[in-house]
Visitor: 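Quick one: the structure is below, and I'll ask about it shortly.
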Amino acid sequence: MEIGFLGLGIMGKAMSMNLLKHGFKVTVWNRTLSKCDELVEHGASVCETPAQVIKKCNITIAVLSDPSAALSVVFDKDGVLEQICEGKGYIDMSTVDAETSLKINQAITGKGGRFVEGPVSGSKKPAEDGQLIILAAGDKALFEESIPAFDVLGKKSFYLGEVGNGAKMKLVVNMVMGSMMNAFAEGLVLADKSGLSADTLLDVLDLGAMTNPMFKGKGPSMNKSSYPPAFPLKHQQKDMRLALALGDENAVSMPVAAAANEAFKKARSLGLGDLDFSAVIEAVRFSKED
Ligand SMILES: NC(=O)C1=CN([C@@H]2O[C@H](COP(=O)(O)OP(=O)(O)OC[C@H]3O[C@@H](n4cnc5c(N)ncnc54)[C@H](OP(=O)(O)O)[C@@H]3O)[C@@H](O)[C@H]2O)C=CC1
Ligand SMILES: O=CC(=O)O
């Protein structure tokens, strides 16, 4: 099976590498073309524009940073729309809002193409290990055709119905995750500032009902102020922003998520946007020292 792949950031690189390892033919494109080199060393082909990838491959996956990147790759010059046509499939696995996804769906299907949105839950390591959770919606036949690839990329693929539902589900999940991370960061800082061992707090949390892989995985490095980016903080803040907009649309009051969003914004203003989202703890430390 031949797959096109647009976007070789943290997630796209790991996911396309996985497809290559499992015997898929992969043709890649990335805005910064030099990031394709490592994939080419592992057997990928490279194209110079998204349009060329679409022309070459019947199914193309995109994993891009945010709504504006997802729209640009489809609508701009040399973009996806220039070559999409009857029978071709486009799967956008970026985390975006439903409105962006619906716009892309309308444009692709308007040219006879097929569209699935498939944002993923799980970070750099699950992407490397093929353990993502895929939240797909849209063209059912394309979803089914893509299962061999989804089975390599993830441990479970949900089909959620009409386009927009995948985007919304992903935003709900990441709203919960961002709120949890902010509460966790406050707990670690509170323990430390009140004279307790933040490492002992990790042990206590891990033994009780709140144990979870995120606290377990990120806690020790947060206590050492180390934030190698697996999920960039700027993307978590984007997801909080988009989830809050979904809350606005549906009149759902979300004061906890709104407060967490403020902490992620604060962290961005401190220049921490490219670090892992666990660096939000620095915003909590900063405000405690104000
Ligand atoms: N990292 C994670 O743990 C997870 C991330 N996600 C989501 O997946 C998506 C990708 O995340 P991640 O890989 O971490 O992000 P990165 O920041 O590592 O990569 C972003 C990618 O988008 C490309 N890009 C950005 N702007 C544009 C543009 N205007 N035109 C074309 N390409 C553009 C970048 O290209 P270039 O290299 O040229 O900058 C790069 O390939 C995001 O939506 C994120 O929210 C979902 C689950 C987990
Ligand atoms: O979107 C991020 C993730 O870890 O999932």
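Both ligands and their constituent atoms are indexed starting at 1 by order of listing. Numbering starts at 1 and runs along the sequence shown. It should be emphasised that the depicted structure is a prediction, and the values quoted were computed from it without experimental measurement.
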Visitor: Show which atoms of ligand 1 fall inside a sub-4.0 Å distance from at least one heavy-atom site of Val63.
Guide: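 Once the distances to Val63 are compared, the set is 8 (O), 9 (C), 10 (C).
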
Visitor: Indicate yes or no: at least one non-hydrogen side-chain atom of Ile91 is less than 4.5 angstrom from one of Phe115.
Guide: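 Side-chain contact under 4.5 Å: no.
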
Visitor: Asn30 to ligand 1: N or O pair under 3.5 Å?
Guide: yes

Visitor: Of the backbone atoms (N, CA, C, O) and the side-chain heavy atoms from C-beta on, which set of Lys170 has a member under 4.0 Å from an atom of ligand 2: side chain, backbone, both, or neither?
Guide: side chain

Visitor: Got the closest protein heavy atom to atom 48 (C) of ligand 1, with its distance?
Guide: Gly122 O, 2.9 Å

Visitor: Using a heavy-atom cut-off of under 4.0 Å, does the side chain or the backbone of Asn174 touch ligand 2, or both, or neither?
Guide: side chain

Visitor: What I want to know is whether Met93 and ligand 1 share at least one N or O pair that is separated by under 3.5 angstrom.
Guide: no

Visitor: Starting from atom 5 (C) of ligand 1, which protein heavy atom do you reach first, and at what distance in Å?
Guide: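 In this structure, atom 5 (C) of ligand 1 has Met11 CG, 3.5 Å as its nearest protein heavy atom.
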
Visitor: Regarding ligand 1, does Ile10 bring an N or O atom to under 3.5 Å of one of the ligand's N or O atoms?
Guide: yes

Visitor: For atom 28 (C) of ligand 1, which protein heavy atom lies nearest, and how many Å away is it?
Guide: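 Result: Arg31 NH1, 3.4 Å.
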
Visitor: Using a plain distance cutoff, I'd like to know if Lys234 has any nitrogen or oxygen under 3.5 Å from a nitrogen or oxygen of ligand 1.
Guide: no

Visitor: If you measure every N or O of Met177 against every N or O of ligand 2, does any of those distances drop under 3.5 Å?
Guide: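 By distance alone, the answer is no.
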
Visitor: Tell me the protein heavy atom at minimum distance from atom 3 (O) of ligand 1, and give that distance in Å.
Guide: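 The closest heavy atom on the protein side is Ser123 OG, 2.7 Å.
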
Visitor: Which residue owns the protein heavy atom closest to atom 45 (O) of ligand 1, what's the atom, and how far is it?
Guide: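 Checking every protein heavy atom, the shortest distance to atom 45 (O) of ligand 1 gives Lys238 NZ, 2.7 Å.
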
Visitor: Using the ring of each side chain (for Trp, its six-membered ring), is Tyr159 parallel, tilted or perpendicular to Phe143, with breaks at 30° and 60°?
Guide: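 Tilted: the ring planes of Tyr159 and Phe143 meet at 30° to 60°.
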
Visitor: Would Ser65 count as a polar contact of ligand 1, with the cut-off being nitrogen or oxygen pairs under 3.5 Å?
Guide: yes

Visitor: Any N/O of His235 closer than 3.5 Å to an N/O of ligand 1?
Guide: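 It does: an N or O of His235 is found under 3.5 Å from an N or O of ligand 1.
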
Visitor: Note the single closest protein heavy atom to atom 37 (O) of ligand 1, along with its residue, its atom name and the distance in Å.
Guide: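 The closest one turns out to be Lys35 NZ, 2.5 Å.
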
Visitor: Does an N or O anywhere in Ala230 fall below 3.5 Å from an N or O of ligand 1?
Guide: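 By distance alone, the answer is yes.
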
Visitor: Which protein non-hydrogen atom lies closest to atom 19 (O) of ligand 1, naming both residue and atom, and how far is it?
Guide: Gly9 CA, 3.3 Å

Visitor: If you count the atoms of ligand 1 from 1 in the order shown, which ones are under 4.0 Å from a heavy atom of Val73?
Guide: 31 (C)

Visitor: Quick check: Leu64 and ligand 1, any N/O pair under 3.5 Å apart?
Guide: yes

Visitor: What protein heavy atom sits nearest atom 38 (O) of ligand 1, and how far off is it?
Guide: Thr32 OG1, 2.5 Å

Visitor: Do any N/O atoms on Thr95 end up under 3.5 angstrom from N/O atoms on ligand 1?
Guide: yes

